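Reminder, nothing fancy here: chain letters follow the sequence lines and each chain counts from 1. Nothing here was measured: the structure is a model prediction, and the numbers come from that model.
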Amino acid sequence: MVGIASASQREQRPVSPYAHQNITLFAKRIEIAPQHTDHARTHAIDDYLGTMFFECAFHCIEKSFELWCRRAKNDAYTTNGQSLIHLIPLAGMIYSIILTKFCYNRATNHQFTFITEMALRTHYCADINENNVGEHVELAGWVNSYRDHGGIIFIDLRDRTGLIQLVCDPADNEKAHKIASQIRDEYVLIVKGLVRMRGEGLENPRLKTGKIEVVVDELIIENRSEPMPFTLGDPNVGEDIRLKYRYLDLRQKEMFETFQLRSKAAIAARNILDKHGFLEVETPILTKSTPEGARDYLVPSRVHNGEFYALPQSPQLFKQLLMVSGFDRYFQIARCFRDEDLRADRQPEFTQIDVEMSFCTQEDVMKVAEELLKAIFTACGHEVQIPFNRITYHESMEKYGNDRPDLRFGLELSDVIDLFENCDNQIFAEIAKYKKINRIKALKVPGGDTAFSRKIIKELEGFVTRFGAKGLAYIQVKEDGLKGPILKFLSDEAIETMKSRLDLQVGDIVFFGAGDKKTVLDYMGRLRTEVARRLDLIDENRFEFVWVVDFPMFELEEGTLHLKALHHPFTMPKNIDEEDAEAIESDAYDIVLNGIELGGGSIRIHKLDIQERVFSLLGISDEEAKEKFGFLLDALKFGAPPHGGFALGFDRLMMLLSKKESIRDVIAFPKTQSATCLLTHAPSPVDEAQLKELGIRIRKRPKSDASE
RNA sequence: GCGGUGGUAGUUCAGUUGGUUAGAAUACCGCCCUGUCACGGCGGGGGUCGCGAGUUCGAGUCUCGUCCACCGCGCCA
């Protein structure tokens, strides 16, 4: 089958991106409806060109090679002509000779000539260089800026590649100059002109095309533009106005480059996963609420009044079902939806690279994740060392105060609870009595006493107070010994132990956090990061990956005796028979990059009895389990293979790779913090008729839109 | 739901202790200008100071409410 795409692959010359469009136009001209397939159009064009004969000949040749190759190398068979050439050099040689001879001729004689006539440009702006001097080129793009000197007019023309200077001199071409005098910023131009060197001293070293310019001899104002609502490229412009006119915002070079990078990353992900035998499968967007813990976005059903679909929070259950189907290796670059409040790194709809595989161990899955990340980073121009470091959940919590440690800097937390056992301060002594539920943590900041003024220490205290600390005790290491209010409670022996345990040096400061484990770890972990930020200890150019492994299966819900799954309830427990449910660990693992949770995964439960026991520990009744995910439980009855996988937050990944402060910068059309779209004004009220059809009545009017 | 920051010309901002006609830059419009590249020069138009109350002789400025945007907390297993 020879379609347009494969025909253009064989072109010996680059084909204009407009080729496809032109063929559509052409097809119209010869009265082929535009909705016809490429194949139909190809044939229509070929009829017109009288090249049906060649088409048939190619088809036969291709088919015979396919058959021959299949026999010659069974598993390496492919329909891709390019791969054939690699696989069987001889066949490839003959093949390409034939193709060159016939196809190229055909293109030159008919199709390509036609495209050249119709194409709106011969080059992209910034692709032109000194080698093109003397050539007549055709360009199309936007007016980045114009400089009208009364006589001569300069225009910086922009397309996605960059800028080039156009010159309209009345002496060269009066007509073009007259048209040029009407030009304003962001007009769309189609230009024909001659490339020439700029004169001595007229070069602009800041421009890639600064040594040349294009003398315009034909100028078409293809479209005009209103004055811009904001200045492109002005870094101070408010984000709301940029979001309202996002399509203009995206015209900026930096924006284009961000999304170009994002595209490269996505393609790299697809390629590497394809290489490892993973199948890309799309799972439903209209689905049943999957129990991920976040609020669902609901979609009312017209056919079933009063019933709702939920948008997926992740494809979790579907990918597990695909494993039961024996697909063995699945991936998807999947859109996920969670109706929770937004943050700089959180959007209500976001993208995950979602992966699942069968008959695998945790090690296998982690290896795939590492290969995937390495491929993505390589595609984005960064070297990454694999395998990544690992840390257990427990160690991470104790040393860094959270399960997503930023390892670009040190500042580990130290346990000092034992030193306060017999101290004279009642509060500390009381806390130190219960080592299992409480913590007393020390954060030594080398040189911190020199760096932190009293005012800064106060600020740090205010900082931790926001996260539940009652205060922030500290010890300063001065030339003449330790200083600080809590010293008087400690025995000399305890102080000596602390000195050696923390390796205290003159100029250091040590902060202490004491209280219940959860609170102390949380605020001391945050303090650690805050201190590093203030001391500028974070190398922004480093990528520190780490696996956090051996997660507990459950944690107690705050203030209750209810267990909840730390990861999710389909995660395989390591030791389900353990009596203390909090001590049950799971085959779950998170991948952390620079203190940000990039993703995570687990080995899943593939046996019904274990799944039922987990539900029962979680306090989920049989009926509830059946109602919510009966389909998964059913599937586990039919020979579910052992399986596991992971998901990566693609937006966050791109945020880190492009060094953006906000996830909005790597999403083409993001929502604001109140989950609205300033461009489309979504969400918005709908017609009464629409609601009626859905069987829905609004109880209260939504909040007034008085602002408009 | 809560805390913080902000909202003045299309845009980015200034606006003193509450006091005359709310300014600048840029963009826009007009005129002039043949080597600029953030071109330049001269002139012009453009404001419900987010919205609504209140205090006051008088509010961009003070108070309260409200809306919007951003940052964070809660929430997001």
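Comparing the C1' positions of B:rG23 and B:rG41 gives a spacing of 22 Å, expressed to the nearest Å. B:rU5 sits 14 Å from B:rG65 when the P atoms are compared, rounded to a whole Å. B:rG40 and B:rG4 have their P atoms separated by 44 Å, with the value rounded to a whole Å. Spacing of P atoms, B:rC49 relative to B:rU20, comes out at 16 Å, to the nearest Å. The separation of B:rU16 from B:rG7, taken at their P atoms, amounts to 13 Å, rounded to a whole angstrom. Separation of the P atoms belonging to B:rG19 and B:rG58 is 14 Å when rounded to the nearest angstrom. Nucleotides B:rC32 and B:rU11, compared at atom P, are 31 Å apart to the nearest Å. Only the C1' atoms considered, B:rU8 is 14 Å distant from B:rG46, to the nearest whole Å.
Annotation: ring-ring contact (aromatic ring centres under 6.0 Å, His included) contacts of A:Y297 (sequence neighbours excluded): none. Taking the side chain to side chain contact (heavy atoms under 4.5 Å, CB included) definition, one finds that A:L556 meets it with A:L563, A:E582, sequence neighbours left out. A search for side-chain hydrogen bond (donor to acceptor under 3.5 Å, both in side chains) contacts involving A:S602 returns A:T571, A:R604, not counting sequence neighbours. Partners of A:E174 according to the side-chain hydrogen bond (donor to acceptor under 3.5 Å, both in side chains) rule, which considers only residues two or more places apart in sequence or in another chain, do not exist here.
Sorted by residue number, the members of residues 196-206 of chain A with any non-hydrogen atom under 4.0 Å from RNA chain B read A:R196, A:R198, A:L202, A:E203, A:N204, A:R206. Heavy-atom distances under 4.0 Å link RNA chain B to A:R664 of residues 662-670 of chain A, given in residue order. Looking at residues 348-355 of chain A, you'll see that no heavy atom sits under 4.0 Å from any atom of RNA chain B.
The environment of A:E130 atom CD is dense: over 12 non-hydrogen atoms of other residues, nucleotides or ligands sit within 6.0 angstrom. Counted within 6.0 Å of CH2 on A:W142, heavy atoms from surrounding residues, nucleotides or ligands total 12 or fewer; the atom is thus considered open.
Screening residues 160-172 of chain A for salt bridge (charged side-chain N to carboxylate O under 4.0 Å, His left out) gives no qualifying pairs among residues at least two apart or on separate chains. Residue pairs meeting the side-chain hydrogen bond (donor to acceptor under 3.5 Å, both in side chains) criterion with at least one partner in residues 612-621 of chain A, sequence neighbours excluded, are A:D577-A:R613.
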Between the protein and nucleotides 11-15 of chain B, list the N/O to N/O atom pairs that are separated by less than 3.5 angstrom.
{"unit_1": "B:rU11", "atom_1": "O4'", "unit_2": "A:P229", "atom_2": "O", "d": "3.4"}
{"unit_1": "B:rU12", "atom_1": "OP1", "unit_2": "A:G238", "atom_2": "N", "d": "2.7"}

Extract from the structure each pairing of a protein N or O with an N or O of nucleotides 72-75 of chain B at less than 3.5 Å, listing the distance.
{"unit_1": "B:rG72", "atom_1": "OP2", "unit_2": "A:A344", "atom_2": "N", "d": "3.2"}
{"unit_1": "B:rC73", "atom_1": "OP1", "unit_2": "A:R526", "atom_2": "NH1", "d": "3.0"}
{"unit_1": "B:rC73", "atom_1": "OP2", "unit_2": "A:R343", "atom_2": "NE", "d": "3.1"}
{"unit_1": "B:rG74", "atom_1": "N7", "unit_2": "A:R343", "atom_2": "NH2", "d": "2.6"}
{"unit_1": "B:rG74", "atom_1": "O6", "unit_2": "A:R343", "atom_2": "NH1", "d": "3.0"}
{"unit_1": "B:rG74", "atom_1": "O6", "unit_2": "A:R343", "atom_2": "NH2", "d": "3.0"}
{"unit_1": "B:rG74", "atom_1": "N1", "unit_2": "A:D341", "atom_2": "OD2", "d": "2.7"}
{"unit_1": "B:rG74", "atom_1": "N2", "unit_2": "A:D341", "atom_2": "OD2", "d": "3.4"}
{"unit_1": "B:rC75", "atom_1": "O2'", "unit_2": "A:E340", "atom_2": "OE1", "d": "2.7"}
{"unit_1": "B:rC75", "atom_1": "O2", "unit_2": "A:R346", "atom_2": "NH2", "d": "3.1"}
{"unit_1": "B:rC75", "atom_1": "N3", "unit_2": "A:R346", "atom_2": "NH1", "d": "3.3"}
{"unit_1": "B:rC75", "atom_1": "N3", "unit_2": "A:R346", "atom_2": "NH2", "d": "2.8"}
{"unit_1": "B:rC75", "atom_1": "N4", "unit_2": "A:R343", "atom_2": "NH2", "d": "3.4"}
{"unit_1": "B:rC75", "atom_1": "N4", "unit_2": "A:R346", "atom_2": "NH1", "d": "3.2"}

For a quick test of your reading: what N or O donor-acceptor pairs under 3.5 Å do the side chains of residues 204-211 of chain A make, sequence neighbours left out?
{"unit_1": "A:N204", "atom_1": "OD1", "unit_2": "A:R206", "atom_2": "N", "d": "3.0"}
{"unit_1": "A:K208", "atom_1": "NZ", "unit_2": "A:A126", "atom_2": "O", "d": "2.9"}
{"unit_1": "A:T209", "atom_1": "OG1", "unit_2": "A:L163", "atom_2": "O", "d": "2.7"}

